[in-house]
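Following: one structure in structure tokens, then a few remarks.
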Amino acid sequence: MGGGGHQTDQLSAGDRGPYAVYTWEEVQKHSRRGDQWVVVERKVYNVSEWVKRHPGGRRVIGHYAGEDATEAFTAFHPDQRLVRKFLKPLLVGELAPSESSEDHKKNAAIVEDFRALKEQLEAKGLFRTNPLFFVLHLGHVLLLEALSLALLWNWGSGWINTILCILLLATAQSQAGWLQHDFGHLSVFKSSRWDHLVHKFVIGHLKGASANWWNHRHFQHHAKPNVISKDPDVNMLKLLVLGNVEPVEYGIKKLKHMPYNHQHKYFFLIGPPLLIPVYFNIHILQTMYIQRDWVDFAWYLTYYARYFSCYVPYYGFLGSIVQYHLHCFPIINIQSHWFVWVTQMNHIPMEIDHEQHDEWLTMQLKATCNVEQSFFNDWFSGHLNFQIEHHLFPTMPRHNYVHAAPMVRELCEKHGVQYQVKGLWEAWCDIVRSLRTSGKLWLDAYLHK
């Protein structure tokens, strides 16, 4: 059959009419770039052209091309009535009555029970925001930045004050990172328009990054976590090999871009200190330039204008650049270390594999784990110690994760899905242990297979 403008010897989507019916086998043929169909609640949509305008980027939809995207669709879009207006003109038909609602032999009981769980959480009000929480969080970020200036105003720019200033700014940047994450996931305001606007302010003006760059990258991670070739967070640019599958594949192919059996050692040199100041900064600038994203670039520039206007009077222009490098670039980049250890403790030690077409619940639980709840862990990680709940319900305000967790755990126990909770130190150690294990797998395959 044909679709997306492609002709075949069978009837095209247009020939069949708006209420055509399709089998899963037919839908799955439309999974190539330029010819992409998705299924949402049994309705079949041709998104081949729409992907170019999708606010979350073309790739996140492409990862579900030829598949059922119902669970991802409901997870990412808090205002589904609005989004359905965009879907309506893309409708090409629906699944045949004889076809299951789940593709790739997914467990219908898990899918249905998870849908029921989300409805229960919505009924309990766990998708409603406490505005005071986010006001206080933003306030404490601004307070930390104000304190750094107050130190210089009252006691000058000596070494002790400079070190304290660096610590305050690094903490403010890390906490602003968790805050932009909230707005980026549309989990604060009722109107996504306000979430998008404040997201640009926080990530652009307070952090010096790009909202669109973050959206296009991060939603891929959520859509297919720890899926090789789909999750950008496990694309290590051949510097590291992760999990149990990729190292063996590299070893069998005799690929040795790095001495992977030592990756648990050089990770400390190329991972935490370099991710934000080198890779992310280069990628952000590259993305804004290629996409001609001048709005985000303008926000990006306001960060540097604010920074230098605040610190040039105390350090001079060259001194301000040095001070900026001290808290934002390697080797003592506190913010980058903070970010890497928090974000990777939930994912690197977990299963990393090629596409398995699991249910949303199963896929997310294979790729994520939690870290024990405490006031410090919640603050330090931006509530990403509840990574399981966050991945299952990305639009849920993070202050409600703790209330959702017992119900999620109960559902996992019912279906035999592993729900892991670790201590903070154990989770960090597991990153290194996992890298060591993956390195050994690579070496064994490289030498003996």
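Because only heavy atoms are used, hydrogens play no part in the values below, and waters and symmetry mates are left out as well, while side chains stay in.
Atom CZ of Arg306 has more than 12 heavy atoms from other residues, nucleotides or ligands within 6.0 Å. Applying the 6.0 Å contact sphere to NZ of Lys88 captures no more than 12 heavy atoms from other residues, nucleotides or ligands. Summarising the local packing, CZ of Arg436 is surrounded by more than 12 heavy atoms from other residues, nucleotides or ligands at distances under 6.0 Å. Within 6.0 Å of CZ in Arg292 there are more than 12 heavy atoms belonging to other residues, nucleotides or ligands. Under a cut-off of 6.0 angstrom, the local environment of CD in Gln373 is crowded, with over 12 non-hydrogen atoms contributed by other residues, nucleotides or ligands. No more than 12 heavy atoms of other residues, nucleotides or ligands sit less than 6.0 Å from atom CH2 of Trp194.
To the nearest 0.5 Å, atom CZ of residue Phe183 and atom CG of residue Asp195 are 7.0 Å apart. Atom-to-atom distance recorded for Asn281:CG and Ser210:OG is 11.5 Å, nearest 0.5 angstrom.
With respect to the salt-bridge test (charged N to carboxylate O, under 4.0 angstrom), the residues Asp79 and Lys190 do not qualify. Taking 4.0 Å as the cut-off between side-chain N and carboxylate O, Glu94 and Lys43 count as a salt-bridged pair. At a threshold of 4.0 Å, the pair Lys52-Glu49 counts as salt-bridged, since one of the basic side-chain nitrogens sits closer than that to a carboxylate oxygen. For the pair Lys200 and Asp296, the salt-bridge criterion is met [side-chain N within less than 4.0 Å of a carboxylate O]. Taking 4.0 Å as the cut-off between side-chain N and carboxylate O, Glu355 and Lys224 count as a salt-bridged pair.
Residue Ala69 comes nearest to Val38 through the heavy atom pair CB-CB, 4.3 Å, listed as atom of the first residue, atom of the second, then distance.
Taking the six-membered ring for Trp and the full ring otherwise, the centers of His347 and His391 sit less than 6.0 Å from each other. Not less than 6.0 angstrom separates the ring centroid of Tyr45 from the ring centroid of Trp50.
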task = Take Val432 and Phe268 through the side-chain contact (heavy atoms from CB on, under 4.5 Å) test and state the conclusion after the steps.
result = CA-CA 9 Å; Val432 181; Phe268 290 91; 3.7 Å; yes
inquiry  = Go through it in stages, so that I can follow the logic: the residues are Met363 and Glu71, the test is side-chain contact (heavy atoms from CB on, under 4.5 Å), and I'd like the CA-CA distance, side-chain angles, deciding distance and then a yes or no.
reply    = CA-CA 11 Å; Met363 176 179 67; Glu71 292 187 296; over 6 Å; no
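Of the residues His221, His181, His383, His399, the one that meets the ring-ring contact (aromatic ring centres under 6.0 Å, His included) test with His390 is His181.
Classification of the His137-Phe133 ring pair by plane angle, with boundaries at 30° and 60°, yields parallel. Under the 30°/60° scheme for interplanar angles, the aromatic rings of Phe201 and His205 are found to lie parallel.
Within the cation-pi definition used here (under 6.0 Å to the ring centroid, within 45° of the axis), Lys118 does not qualify as a partner of Phe393.
Judged purely by distance below 3.5 Å, without hydrogens or angles, the side chains of Glu351 and Asn226 never pair a donor atom with an acceptor atom.
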